[in-house]
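Because only heavy atoms are used, hydrogens play no part in the values below, and waters and symmetry mates are left out as well, while side chains stay in. First listed ligand is number 1; within each ligand, the first listed atom is number 1.
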Amino acid sequence: MIQGNSSSRDGFSTKFGVIAAAAGSAIGLGNIWRFPYVLGQNGGGAFLLIYLVFIAAIGIPVMMSEFTIGRSAQLNPVGAFKKIAPGKKWHLIGSLGVVTAFIILAFYTVVAGWTLEYMLQSVRWLLFPESSGVAGLTGDASREFFQEHYESFTNGIWRPVIWFLVMLFFTGFIVVSGVKRGIEKYAKILMPVLLILLLVLVFRSVTLEGAKEGLVFLFKPDFSQIKDAPVKVILEALGQAFFSLSIGMGTLITYGSYIQKKENLANTAVSVAAADTFIAVIAGLAIFPAVFAFGINPGEGPELVYITLPVIFQNMAGGLIWALMFFLLLCFAAITSTISVLEVIVAYLTEQLKLTRKRAVFLSAVSVAVLGLICTVSSDVFAVFNASPDILLPFGGFFIVVFIGWFFSKNSLKKELSSNGARKIGYYPVFLFLVRFVAPLAIVFLFAIGVYNKIINVFPSMG
Ligand code: PHE
């Protein structure tokens, strides 16, 4: 029955298409905007090390679990839990994912809009260099210039709102055209090009004078850097790992439902996680040498890359052309992520509530528009939305691994992972151990010390 169902369903056509689409979801502003600034705020190399452990021990098992749930049920997150565990409450995890999708889509599309602003500014500077006043600025002066630009832009109303709506429109437009024609086609071409551009940036950044300090900051774990707030650092590394891999809210349950039965889920998950992590580290390599070379504060916050990148471009021959290409591609990388978030909501609305695809996209886009507008107007709301995935995603991820580890039929699990016996799954005992024990216990433990920490901060006498 599942097979019959799948043949009429839209889906990814090739193995490379699957990986490109899932990697397209994973790779985005989370790697290039969020990862560097969160790492910069949390002590550098020590954060990176903790992050990598979470990707391997928790991230990959959660990702495989999501693919398994999605592909075995061939449905959206809510429908999938309802079908696999009828009459139980598991579908609430799917619903939480849909709610999380609205929140993420709202603030993420706003940040994606900043990318458009920078792209346009690069064009302006290319065409009318005298109007920009940037020629020849270096170091502090240029940093100030860009910071001012950044602040006047993000504090303004109209430009951020317009760019946000433009990004939202494109996202909706692609999702309306469906999985194969829309998502797969764009991801396949654009992701590799982005990587090449990033490598060019890395080359420029590491050859700057004073770059070495940035490399040390990024790669040398210095645990004394995080001793003031180790719990915060660890929880943010966990949240960032989930955010960056697009896991914990059903994005990859939804994409999993479009994967063909013959595809190797473990292999896909490992490839996607590796590609995502590689890009995050490469982004760090592009940013931090320049941050230190130009005396920018690594703990600057969400504006870090938007201050640092333009300074790098200024120090490159033909910098504005590089800038233009880079921001354009960053936009595409953001769109391959926003479409995956919107697809969660749309798959839910079309399959559970039987809306047409067009209606579903329209309805969700209008709701996201309202939330996103609030984000552009209020930096407090933006900050809360931006921080909430750190909790919501690991929370969802906990139930996803517990479901696979303890409740999902082990026969079906083996069948999915082995493509119905066609493939050996020597890793199975390790996988089962990770989803049954390591991942859920780690998440519970980390949340528990997080809560404990909050309590002793509020009532210091208890500590
Ligand atoms: N992983 C995406 C990024 O790193 C963001 C995202 C989060 C996408 C959650 C889907 C779900 O940019």
Mind listing the N or O contacts between ligand 1 and protein, cut-off under 3.5 Å?
| residue | atom | partner | partner atom | Å |
| --- | --- | --- | --- | --- |
| ligand 1 | 1 (N) | S25 | O | 3.3 |
| ligand 1 | 1 (N) | A26 | O | 3.0 |
| ligand 1 | 1 (N) | F243 | O | 2.7 |
| ligand 1 | 1 (N) | S244 | O | 3.0 |
| ligand 1 | 1 (N) | S246 | OG | 2.9 |
| ligand 1 | 4 (O) | A26 | O | 2.8 |
| ligand 1 | 4 (O) | G30 | N | 3.3 |
| ligand 1 | 4 (O) | N31 | OD1 | 3.3 |
| ligand 1 | 12 (O) | L29 | N | 3.2 |
| ligand 1 | 12 (O) | G30 | N | 2.8 |
| ligand 1 | 12 (O) | Y108 | OH | 2.4 |

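Side chains of N76 and Q352: a donor-acceptor N/O pair is present below 3.5 angstrom, by distance only.
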Got a list of side-chain donor-acceptor pairs under 3.5 Å for residues 41-53, not counting sequence neighbours?
| residue | atom | partner | partner atom | Å |
| --- | --- | --- | --- | --- |
| N42 | OD1 | K232 | NZ | 2.9 |
| N42 | ND2 | V38 | O | 2.9 |
| N42 | ND2 | E236 | OE1 | 2.9 |

Side-chain donor/acceptor pairs under 3.5 Å, residues 397-404, sequence neighbours excluded:
none

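One finds a salt bridge joining R357 and E343 here, because a Lys/Arg side-chain nitrogen approaches an Asp/Glu carboxylate oxygen to under 4.0 Å.
Taking the six-membered ring where the residue is Trp, F431 and Y427 present perpendicular rings, their angle passing 60° and hence far from 30°.
Judged as a ring-ring contact (aromatic ring centres under 6.0 Å, His included), and not counting sequence neighbours, the contacts of F433 are F437.
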